[in-house]
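Report on one structure; see the data block that follows.
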Amino acid sequence: MSIPFSGSRSRSGGLISAIAKQLKEINLKLVNKIIVQFDPFHKNITETRKFLFYISSPKILNTNPFCALKTRVVCDRSEPVVTFDLLSGNKIIFKCGNLSTLDILQYCNKHVSSLVPPPEKSPKELLLEKKEKKKKKKKLRQKPFSKKRHVIL
């Protein structure tokens, strides 16, 4: 008698792949300014500094070239704070004292990137769709002087 299997059949990609997945989804089109404020002597500062490193990569900043990234280093024993100033005038504030890098990225995607409307299809994508439709409608053609006679319905 054997014990039935329970659990997942494959391993997850891990923390790094989860962070990479969240970084691919970030879109800063509606963000005017990002302010990262932290105290270097705070006990949980490493996660916020990693977030600052990831968000300052060229791929992410190119989603909105007019977005300003500002870092404030203070020495007042305050917890790390990430502030997103939106183009609409609203502010989104994340208090990152007990958050991991993955949590900060997930909240960023949930509250900031979700505000961006979905992109319209480009002309190139429309042409690809038309070509796929034509391929599906392809009919059999009879070649002249061929021995096989195809029946076209």
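The first residue in the sequence is number 1, and the count goes up from there.
From Leu69, atom CG reaches atom CD1 of Ile60 across 10.5 Å, with rounding to the nearest 0.5 Å. Within the model, atoms SG of Cys67 and CG of Asn32 stand 7.5 Å from one another, a figure rounded to the nearest 0.5 Å. Rounded to the nearest 0.5 angstrom, Lys43 NZ and Arg77 CZ are separated by 11.5 Å. Considering CD of Gln106 and CD of Glu25, their distance stands at 9.5 Å, rounded to 0.5 Å. Atom OG1 of Thr71 sits about 10.5 Å away from atom CZ of Arg49, to the nearest 0.5 Å. Remark: Ile55 CD1 to Leu23 CG distance equals 7.5 Å, nearest 0.5 Å.
Between Pro40 and Val73, the closest side-chain pair of non-hydrogen atoms falls below 4.5 Å. You'll find the side chain of Phe38 stays beyond 4.5 Å of the side chain of Cys96, heavy atoms only. Here the side chains of Leu15 and Ile19 are in contact, with some heavy-atom distance below 4.5 Å. Side-chain contact between Asn64 and Leu30 is absent, with no heavy-atom pair separated by less than 4.5 Å. Between Asn44 and Asn98 there is a side-chain heavy-atom pair separated by less than 4.5 Å.
Follow the hydrophobic side-chain contacts under 4.5 Å out from Phe51 and you reach Phe53 in the same cluster. Cluster membership for Leu115 and Ile34, using ILVMFWY side-chain heavy atoms within less than 4.5 angstrom, is shared. When the side chains of ILVMFWY residues are joined at heavy-atom separations under 4.5 Å, either directly or via intervening members, Leu86 and Leu61 end up in two distinct hydrophobic clusters. Linking Ile, Leu, Val, Met, Phe, Trp and Tyr residues whenever their side-chain heavy atoms come within less than 4.5 Å leaves Val81 and Ile104 in two separate clusters.
Put simply, the residue from Ile92, Val31, Ile35 that forms a side-chain contact (heavy atoms from CB on, under 4.5 Å) with Asp85 is Ile35. Residue Pro80 forms a side-chain contact (heavy atoms from CB on, under 4.5 Å) with just one option from Val74, Val36, Ile45, Leu99, and that option is Ile45.
Closest heavy-atom contact between Ser78 and Asp39: O-CB, 3.7 Å. Shown here for Thr63 and Leu28, the closest heavy-atom pair between the two residues is OG1-N, 3.2 Å. In terms of heavy atoms, Thr83 sits closest to Lys91 at CG2-CD, 4.4 Å.
Phe94 and Tyr107 have tilted rings, their planes meeting at an angle from 30° to 60° on a 0 to 90° scale.
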(request) Please report the C-alpha distance between Thr46 and Thr101 in whole Å, then the side-chain angles of each, then the deciding distance to 0.1 Å, and finally whether the side-chain contact (heavy atoms from CB on, under 4.5 Å) criterion is met. (result) CA-CA 9 Å; Thr46 55; Thr101 306; over 6 Å; no

